Amino acid sequence: HTAQIQTHTKLHEYDSGQMHKAQHNLKSRVYDRASSVKLNSPPEADSKQDGSADAEDANEQEVIVIQDTGFTVKIQAPGTEPFDLQVSPQEMVQEIHQVLMDREDTCHRTCFSLQLDGNVLDNFAELKSIEGLQEGSLLKVVEEPYTVREARIHVRHIRDLLKSLDPSDAYNGVDCNSLSFLSVFTDGDLGDTGKRKKKGNELEQIDCTPPEHILPGSKEHPLVPLQPQNKDWKPMQCLKVLTMSGWNPPPGNRKMHGDLMYLYIVTVEDRHVSITASTRGFYLNQSTTYTFNPKPANPSFLSHSLVELLSQISAAFKKNFTALQKKRVQRHPFERIATPFQVYSWTAPQSDHAMDCVRAEDAYTSRLGYEEHIPGQTRDWNEELQTTRELSRKNLPERLLRERAIFKVHSDFAAAATRGAMAVIDGNVMAINPGEETRMQMFIWNNIFFSLGFDVRDHYRELGGDAAAHAAPTNDLNGVRAYSAVDVEGLYTLGTVVVDYRGYRVTAQSIIPGILEREQEQSVIYGSIDFGKTVVSHPKYLELLEKTSRPLKVQHHAVLNEKDTAVELCSSVECKGIIGNDGRHYILDLLRTFPPDLNFLPVEGEELAPESQKLGFPRQHRHRLACLRQELIEAFVEHRYLLFMKMAALQLMQQKANKDKTAALHDTSTADAEINLDFLWNIFTDPKSREVVLNACKAVGSISNTSFDIRFNPDIFSPGVHFPDDSTDDIQKQKQLLKDTAAFLVSCQIPSFVKDCLDHSSLPMDGATMTEALHQRGINVRYLGTVLEFVDNMPAKAQIEHIYRIGISELITRCAKHIFKTYLQGVELSALSAAVSHFLNCLLSSFPDAVAHLPADELVSRRKSRKRRNRVPGGGDNTTWASLTPSELWKNINSEAQSYYHFSLQCESVDQAVEKYGLQKITLLREISLKTGVQILIKEYNFDSRHKPAFTEEDILNIFPVVKHVNPKASDAFHFFQSGQAKVQQGFLKEGCELINEALNLFNNVYGAMHVEICACLRLLARLNYIMGDHPEALSNQQKAVLMSERVLGIEHPNTIQEYMHLALYCFANGHLSTALKLLYRARYLMLVVCGEDHPEMALLDSNIGLVLHGVMEYDLSLRFLENALAINSKYHGPRSLKVALSHHLVARVYESKAEFRSALQHEKEGYTIYKNQVGEAHEKTKESSEYLKYLTQQAVALQRTMNEIYKNGSNASIMPLKFTAPSMASVLEQLNIINGIIFIPLSQKDLENLKAEVQRRQLMQNSGKIEEQQAGQLELDDKLPVDD
């Protein structure tokens, strides 16, 4: 059984080890391709014996990187049978270690070497470099003596194995664990465990009744079902306690006997034992809690592995550990691989806090990543981030290597920065300027620099003080994102992470070498450190920034310095250039990379465009750093380009018309011929045409007169920046351009966003997806009020009511978040849970006089803290927070909505808001928790009680950081993915499928196994598999997509809900009916929590549920869902839409099955009318509908006849048998495909044969190693169709 999946712990340790092995040895350092190659192996490989299944898989991976075929080696471990393992020449020896540490029968070994013919293999050597290693070689696993480091690794690994099914790490948001509940609903149905249950076709065994709260129209929205009980998590206890002994570290004389450390263990049978970890292994000693006696006990049970020792002294351990490992390896790999960035859960059950020595040790040693395993202790983040950028990128393998290294370092850096930021706010880090007041302090921890988002030293005084200081870090991060995406060689940005935690904003940055030793004035050789009073420039920086000018649309411009001499810049003045001691050119402070947003920046004496003025712009904003988004700049330039083409074309046509007239007068045919050539060949040679281009350029504001080129000067309207006199015209042009862009946002982008929502091409379900949709159009969230007003004044407002509702709830929770931020800053740590629960009560509970519970020791801590002037940032000790009341909070929310979003809410309480805007309290709770990082206890909250508050302090379990960072991209993979999508849209399914498979491989190569983009890839693959008729493969890919979405985005993210729906469809197609229903019910429950019932997507979901229920003959239930879908469709698509016609048809079919022909006819007639009016009599849909109407009429008549017969003749009537048929699965599936927008392309048997032959031919070529470099581009078909049946 080869579960070739690396446990994340080991993988990290290994990666970091690699990182530090040697700076110069970059190639080997980052070439730990294990995770990507192995993780892509399909779960089926788990069930096949030995490694044969992985063979094709590893190959297929290799094809991209280097055309090398894998081979098989035999592994002989002590006490187990030799087994075969598939390896590839690119792998390192280390990766075989990973596999062995994860295999069920060898997982308890960590300290061993691999030997070939008695020679120890070097862990970091690639397999191909080892002499004599070939197909069939025998590698021996040889136990090695322990060191303190190895003993610690061993204990940590055993602890990880014991906790491998325990979700507490996921609830606590550590080690990149996160939750997944899919297996609860599929119940082992989809796994390839070989024990597949009976197919669900025997209808009688399906219980289809959904829980009451899922039915349409149900008023209650419980929270508990969000996290169903996973029976696997009931921990099988192997030990009561495993912890470090108090006798550590061993005294000198015992060290000389080989004692490394002591452990204290309590077995399930309640036997207390003390264990020595020595160089030779683990044995029982004679110490007790109070007496130290390190001599071996009799018998001492000396074993090389702790597991072997414990199995001998505790029968329960032996039995449960074996069972636990069986279960561990049966889980889907995607349930246990670490995610690249931490995902936090906003709800968690009450958990028991158990002793855990590793966790305790982690808390005391500042273990970051895994420093204690790393030579040189802390990591030099800046060096790692910049070195990976410098890797070569000439060809695909090199680019993959580089992107993978960049991604890995980034995700490690984000994790380290988050940990550090929390440590800073929690007061665990000493400031580098401890004498100053708390707001001004700065920190260094683990080679990362931390600063707080306050306006220290009045730096931002003219720009809006603290509000500007709070906005600057995110603007800066956007700048870093933009410059790193352009990726100019030789230009370096800092690793930047912005963390919001407990009301504070912390910026974490990597440190430029040498910056701490010198004054800032000396080191800045480009830009300005005082917002433009003094400015310097540098030719090298100009040359580097010139390369970013076009992609980022930044104009090269001159500004005046303090001596009134012009200085050339190619960025905003705040952008500073510093050459580090490492000789690299760094740029920092990129907060004005993008031009200012004039709608939110009133400037004396400047008039905005009428479109902006009409909507009440410019408006006063909290700060003067409001800038436009990159997406908007790009949309605007695109828009102007179209305008430019139109104008040029129009003028040329006019010219041609004029020329034709003059040509007719002179009657020379030569001129005519000339014009056409001149048209076709070169517009620019003809002076007249040049004039055309010039006019068009002027009209659209291009900076060049001969071609279209729009760029922005980011320093326009910056206070304190002065421009040379000779550029006045230019500056006027730039000002106009900015006004046009601001007008374009409100007159073009906002309406087109609303239009997208109207025609349902954009379907936001919650605040996050709505924000994303706005951002894609380049609309900042500060325009939310404007968007809502626009929606409110639409004639078709009813059809986008869901957008209005989501927008309002987003607006309310964002205002609440702003207030919560300052509220939390004044709370001391001991009162945190009381303060958070009090705030939530004021926000959501109907109880009018929520009273806060002050911690009992209030007076004591008051007296103490007077003495300590200098406190940690999070050490406020005032109790003003306790005086907040619901009415005051809602008053503040109203005024915040007015001042920040310019929107008048007019709600004095939560109940008013719920009533007025149709919100749900559970949705508001989810939104505010996600935005603030609060984690609450999962239980039913009574929000509406007027007698007691909904939350108590016991309900607040944790507060997590909210982290923003750069997401490095896998560019090659993304191009493959996009061209795959394009191919599919053109109808070339097979080619599309190949490209997307290739993209999947490349994504795996760069990101490892878990990533949002891989999730999209798998979903598309599954859809293609399904359309091409390969249902089992579709199911397998979609299952991965669901698991990944749950793990990477969250268990109730809108994306996850969509994935559940797709999976249900493929389950149905594969005959897993009850599973399909369970998945649809889960999706409906999640959707109710996230956005409530009134949402256009709910219609699709309910149609799906109704169809499946119809298929299993639950007609009454089916009707409830289908009629709800009909109502929602009519509301959101208008009563005349084709979707509504289809809904009517689905309802009619169920009535037909119930033999209620009158209702069936009524619905089908409605549908028929819509079809006739929309697509005309001749259309096939209209014909189908009219056929069905005839059929229903016949059935109705026949039924009536039979009834009359019975009345007339009594019991001896001869009754014609009537056909009451349950719908066939095929017909239900057909309808399911129609509503889910799937169109089938029938493949003939011949096509299938050809496909198979093609797959086999590819495999043969590949196995004989003939695929040359050129073909590496054309892709593996990846077993889309089973080859071996």
Side-chain angles (χ1 to χ4, degrees), residues 179 181 184-185 209-229 345-349 764-770 801-802 804-806 808-810 812-813 816 840-841 843-847 907 909-931 934-946 948-951 955 1050-1054 1056-1058 1060-1061 1078-1102 1105 1117 1120-1121 1124-1125 1127-1128:
L179 298 167
F181 290 102
V184 179
F185 301 98
T209 331
E212 197 59 38
H213 59 261
I214 290 178
L215 289 171
S218 162
K219 281 285 165 275
E220 53 167 332
H221 296 301
L223 187 56
V224 173
L226 184 59
Q227 298 189 0
Q229 278 303 300
S345 165
W346 64 279
T347 50
M765 258 190 232
D766 66 344
T769 40
M770 175 148 179
E801 201 179 301
H802 60 296
Y804 192 67
R805 191 179 317 108
I806 294 168
I808 291 283
S809 100
E810 181 69 351
I812 291 175
T813 45
L840 289 177
N841 280 329
L843 179 66
L844 296 170
S845 180
S846 303
F847 181 57
C907 303
S909 69
V910 63
D911 293 327
Q912 253 189 7
V914 166
E915 189 56 40
K916 182 170 173 183
Y917 297 110
L919 309 175
Q920 299 184 136
K921 288 188 179 179
I922 189 166
T923 306
L924 290 170
L925 175 65
R926 170 178 179 265
E927 293 284 356
I928 190 78
S929 305
L930 290 176
K931 286 181 178 54
V934 172
Q935 185 184 55
I936 58 165
L937 179 66
I938 188 158
K939 66 171 206 189
E940 298 317 338
Y941 291 98
N942 183 0
F943 296 110
D944 300 332
S945 157
R946 305 197 63 77
K948 65 182 219 295
F951 299 90
D955 298 330
I1051 53 169
E1052 79 304 317
H1053 189 278
T1056 308
I1057 302 178
Q1058 301 270 353
Y1060 264 96
M1061 283 166 65
K1078 277 189 222 159
L1079 294 170
L1080 287 168
Y1081 287 157
R1082 171 69 173 170
R1084 190 172 210 276
Y1085 166 73
L1086 292 176
M1087 205 150 147
L1088 287 172
V1089 170
V1090 169
C1091 64
E1093 195 160 53
D1094 188 11
H1095 190 281
E1097 198 62 357
M1098 193 55 100
L1100 175 59
L1101 188 46
D1102 282 354
I1105 297 178
L1117 257 183
R1120 285 188 69 170
F1121 286 100
N1124 190 49
I1128 295 178

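Note that the structure is predicted; figures quoted are calculated from it, not measured.
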With Phe943, the side-chain contact (heavy atoms from CB on, under 4.5 Å) member among Leu924, Leu925, Asp911 = Leu925
Between CG on residue Leu179 and CD1 on residue Ile1051, distance to nearest 0.5 Å | 5.5 Å
d(Lys948 NZ, Ser846 OG) to nearest 0.5 Å is 12.0 Å
Drop me the distance from Ile1105's CD1 to Met1098's CE, to the nearest 0.5 angstrom.
-> 8.0 Å
Taking atom NZ of Lys939 as the centre, report whether more than 12 heavy atoms of other residues, nucleotides or ligands fall under 6.0 Å from it.
-> yes
Under a 4.5 Å cut-off applied to non-hydrogen side-chain atoms, are Ser845 and Val910 in contact?
-> no
Side-chain heavy-atom pair Arg805, Leu919 within 4.5 angstrom cut-off = yes
OG1-NZ distance between Thr923 and Lys921, expressed to the nearest 0.5 angstrom | 12.0 Å
For side chain to side chain contact (heavy atoms under 4.5 Å, CB included), just list the numbers for Thr1056 and Phe181, CA-CA rounded to whole Å, side-chain angles, deciding distance to a tenth of an Å, and then say yes or no.
-> CA-CA 11 Å; Thr1056 308; Phe181 290 102; over 6 Å; no
Between Arg1082 (side chain) and Ile1057 (backbone), is there a donor-acceptor pair under 3.5 Å?
-> no
How far apart are the closest heavy atoms of Pro222 and Ile922, and which atoms are they?
-> O-CD1, 3.9 Å
Separation between CD1 of Ile214 and OH of Tyr1085, rounded to the nearest 0.5 Å = 8.5 Å
Near Glu940 CD, under 6.0 Å, is it more than 12 heavy atoms from other residues, nucleotides or ligands?
-> yes
Sub-4.5 Å side-chain heavy-atom contact between Ile936 and Trp346 | yes
For Met765 and Cys1091, the nearest pair of non-hydrogen atoms, with its separation, is O-CB, 3.0 Å
Can you find a pair of side-chain heavy atoms, one from Phe847 and one from Asn841, that are under 4.5 Å apart?
-> no
Any chance you could lay out the side chain to side chain contact (heavy atoms under 4.5 Å, CB included) test for Leu1080 and Tyr1060, step after step, and finish with the verdict?
-> CA-CA 7 Å; Leu1080 287 168; Tyr1060 264 96; over 6 Å; no
Could you check Glu1093 against Arg1084 for side chain to side chain contact (heavy atoms under 4.5 Å, CB included), going step by step and ending with a plain yes or no?
-> CA-CA 9 Å; Glu1093 195 160 53; Arg1084 190 172 210 276; 2.6 Å; yes
Check: Glu927/Ser809 side-chain N/O donor and acceptor closer than 3.5 Å | no
Here the pair of heavy atoms bringing Asp1094 nearest to His802 is O-CB, 3.9 Å
pair Leu1117-Pro210: side-chain heavy atoms closer than 4.5 Å = yes
Step-by-step side chain to side chain contact (heavy atoms under 4.5 Å, CB included) determination, Ile806 to His1095 | CA-CA 10 Å; Ile806 294 168; His1095 190 281; 4.2 Å; yes
Can you tell me how far the CD1 atom of Ile808 sits from the CD1 atom of Ile812, to the nearest 0.5 Å?
-> 6.5 Å
Are Arg1120 and Asn1124 close enough that some pair of their side-chain heavy atoms sits under 4.5 Å apart?
-> no
Considering non-hydrogen atoms only, spot the tightest contact between Ala1125 and Ala1099 and give its length.
-> CB-O, 3.4 Å
Heavy-atom nearest pair, Pro1054 first then Asp766, reads CG-OD1, 3.4 Å
So which heavy atom on Ala950 is nearest to which on Asn942, and how close?
-> CB-O, 3.7 Å
